[in-house]
Amino acid sequence: MMSQNTRNIRYLILLLILLAVAGNEMMARLKVASWDQTLQVRIYAINADSRPVTKNYIDGLGTKDFKSIEAFINSEARRYDIDIDAIKVEYAGELLEIPPQPPLLGSVLENIFWSLRFRAWAWYWGMTTGNRTADVNLFVNYFDLETTPALHHSVGLRGGLIGLINAFADNAYRGSNNVVIAHELMHTFGASDKYDASNQPIFPDGYADAYQDPLYPQKRAEIMGGRIPLSPTQLRMPESLSDVAVGVFSAAEMHWPIN
Ligand SMILES: [Zn+2]
């Protein structure tokens with residue numbers, strides 16, 4: 001049985017870790033909100049199903065495969081008068097360690113607990129591996145399409161500036177994988193979801209061109225709205241980031257200048 005002293009020491013250590021994580025996160029958040037220097041975004045790939053197809057796909061990945069995320073965010077940020085490159089994306093290769101995975105149908109409390117665990121994991125992982133130089137770290141779980149035809153939701157956390165993304169290990173999905181990665185990256189910068197429980201983009205926040213006349217069809221999806229509204233009842237999934245824009249509501253949440 002654990003003595004009272006041992007238990008107290010364990011609580012103290014846990015408390016110190018949480019305080020260190022919180023302090024670290026506060027500094028990172030201040031840096032992100034100012035947009036006066038280029039933020040370094042690092043992407044790690046994870047072979048989430050240990051399949052050979054997934055391994056082959058990951059072995060073929062390079063920074064160039066994620067460049068469209070950098071190009072998209074930088075050009076959208078310039079449209080909002082940020083006159084430096086907002087981000088720089090770098091692919092950091094395969095990660096053999098697997099981060100804590102979110103509960104599949106978790107309660108609010110379970111989700112909060114997972115988010116704390118994931119943040120503590122990322123902080124500790126950064127400390128012990130020396131991978132602390134990037135501002136944002138994104139971990140992408142890749143799956144073989146043949147055995148995983150549908151993906152669970154991805155998560156981007158503002159606290160900790162980290163994301164856990166589920167993606168297909170398939171060239172045909174490279175464009176839509178990058179849409180999901182950019183969406184979760186925007187969450188880490190403070191943008192919120194702009195679609196309802198039936199995946200319908202919310203008007204006007206979740207529309208790329210909310211003041212277009214006529215309103216339909218929209219040409220692009222708003223990055224946090226998720227889909228392209230073609231009519232009040234028809235939606236289309238964006239195939240790549242060229243089908244996507246950052247709307248004023250998301251821009252404002254990320255502290256991009258709105259004129
Ligand atoms: Zn989201």
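Numbers here are sequence positions counted from 1. In each ligand, atom 1 is the first atom listed, and ligand 1 is the first ligand listed.
Within 6.0 Å of atom OH in Tyr216, more than 12 heavy atoms from other residues, nucleotides or ligands are found, so the atom counts as buried in its surroundings. The number of heavy-atom neighbours closer than 6.0 Å to CD of Glu146, taken from other residues, nucleotides and ligands shown, is 12 or below.
A distance of 8.0 Å separates CG in Leu241 from CD1 in Ile73, rounded to the nearest 0.5 Å.
The aromatic ring centroids of Phe143 and Phe168 lie 6.0 Å or more from each other. For Phe139 and Trp125, the distance between ring centers is under 6.0 angstrom.
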Contacts under 3.5 angstrom, residues 27-35 side chains, donor-acceptor by atom type, not counting sequence neighbours:
| residue | atom | partner | partner atom | Å |
| --- | --- | --- | --- | --- |
| Lys31 | NZ | Asp135 | OD1 | 2.7 |
| Ser34 | OG | Lys31 | O | 2.9 |
| Ser34 | OG | Asp36 | OD1 | 3.0 |
| Trp35 | NE1 | Val32 | O | 3.3 |
| Trp35 | NE1 | Met254 | O | 2.6 |

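For the Zn ion (ligand 1), the neighbouring protein N/O/S atoms at less than 2.8 Å, given as residue and atom, are His183 NE2, His187 NE2, Asp193 OD1.
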